[in-house]
Every structure is written in structure tokens, then in C-alpha cells.
K.L.:
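Sharing a structure, written as C-alpha cells. Questions coming.
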Amino acid sequence: MREQGFPVAVLARRAAVLTGDLRAGADAAEIAATLREFGEEVSTVDESSMPLLRQVADELYAAFAVDSLDACVAELNGMLARWAGPPRLSDHDGTVWHLHLDSADDAPWGEWLAASAAYALAAIVAETGRPPGGICHAHDCDRPYLNSGSGGEQLFCSTRCATRSRVAAYRHRKAD
Ligand SMILES: [Zn+2]
């Protein structure tokens, strides 16, 4: 059974993962698999959906990459203005009632991602008063990460990147 509704934290994590995957060159089948992991009822993502998804991933990347709260707010407000319509409740595909800000249940995947992600990231800013995350600090990685709820800066997209950065820093210190 799926969790009740789609908590903002899950929408934000889905946005960060899809942004990282799309910018790393994931194909339509891989994106469909990621969507299923996040509970979407989808067998395939049409190839024609990919250009808009990639464009939206670049917009989301910009919102994660900014270095101030004001700049992050400007990016997210821009996305909301471009992509989000009036909120409405939907129970498409037998799901529990949940909020959508895209224009229709059959809106393009790119519009769906942009509207749901901008909404979730904006809700986190409103709740925490700080940017929702950033871009991974590990060498050769530019996947977005989300700040943890506890207030500490996260800095890495994954345990793997955090570990290899720690090891690299240790080697660097030893070399000095
Ligand atoms: Zn990383």
C-alpha cells in the first residue's frame, strides 16, 4: 500500500532524484522506473516527453544551485508562475485525494514535474526559512541534495558521495 497522500518531503525527494537522473542523461525507460519507485502508475514514458522533462530538470537544477535564499525564492517563484495553475484535488488512477498544480491529470510529464516540484520546494522554503537543498559538493557530482529536517547542512547527494569526499580530503591532508 502506498503512503497516505504525497507528503511534500516525498515530492521534493522525487524532484531531486529526477533532476539528477535527467541531467545525467537517463533515458525514458529509466525515468519511468524512477517514477514507479515513487508510486506513479506508469508503464512507459513516451520519448516525446523527454525534451520538456530535461528542460524542467535544468530549471530545477538552477533552483538548487543558487547560493542565497533570495535567489532560490526568485527561481521557485519563476517556476510557479510558469508552470503552476490553481491547486486542485485529484484521485486519478484510484489514488487517494492529493493536490495537483498542473493543468490536468493528463498534463505532459514535464509540466507535472515542474508544478509538483516547485510547489514542494516552495513549501519547504516556507516551512524552514532556508533553501531546500543544494548541489552535491563531491568532486565530479552535480546531483541535487535536500537539506535534512534537523537543520544541519547536508552538502552531499548520497552516502557514497559523502564517503568518497571524506576519503579524498583525508588523502589530501596526508599528501600535504
Ligand atoms: Zn553526489
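Both ligands and their constituent atoms are indexed starting at 1 by order of listing.
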K.L.:
So, with waters excluded, how many protein N/O/S atoms does the Zn ion (ligand 1) have closer than 2.8 Å?
P.N.:
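There are 4 of them.
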K.L.:
Could you check whether any side-chain heavy atom of Val56 comes within less than 4.5 Å of a side-chain heavy atom of Trp109, counting everything from C-beta outward?
P.N.:
no
K.L.:
Less than 6.0 angstrom from the centroid, inside 45 degrees of the normal: does Arg23 satisfy that with respect to the ring of Tyr61?
P.N.:
yes
K.L.:
Using side-chain heavy atoms (C-beta onward) and a distance below 4.5 Å, is Met79 in contact with Leu60?
P.N.:
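SC-SC contact between Met79 and Leu60 confirmed.
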K.L.:
Charged N to carboxylate O below 4.0 Å: is that the case for Glu41 and Arg36?
P.N.:
no
K.L.:
Determine whether Ser49 and Glu47 make a side-chain contact, defined as any pair of heavy atoms from C-beta on separated by less than 4.5 Å.
P.N.:
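Ser49 does not reach Glu47 side chain to side chain.
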K.L.:
With the threshold set at 4.0 Å, does a side-chain nitrogen-carboxylate oxygen contact exist between Asp21 and Arg54?
P.N.:
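Not counted as a salt bridge, because no side-chain N and carboxylate O are separated by less than 4.0 Å.
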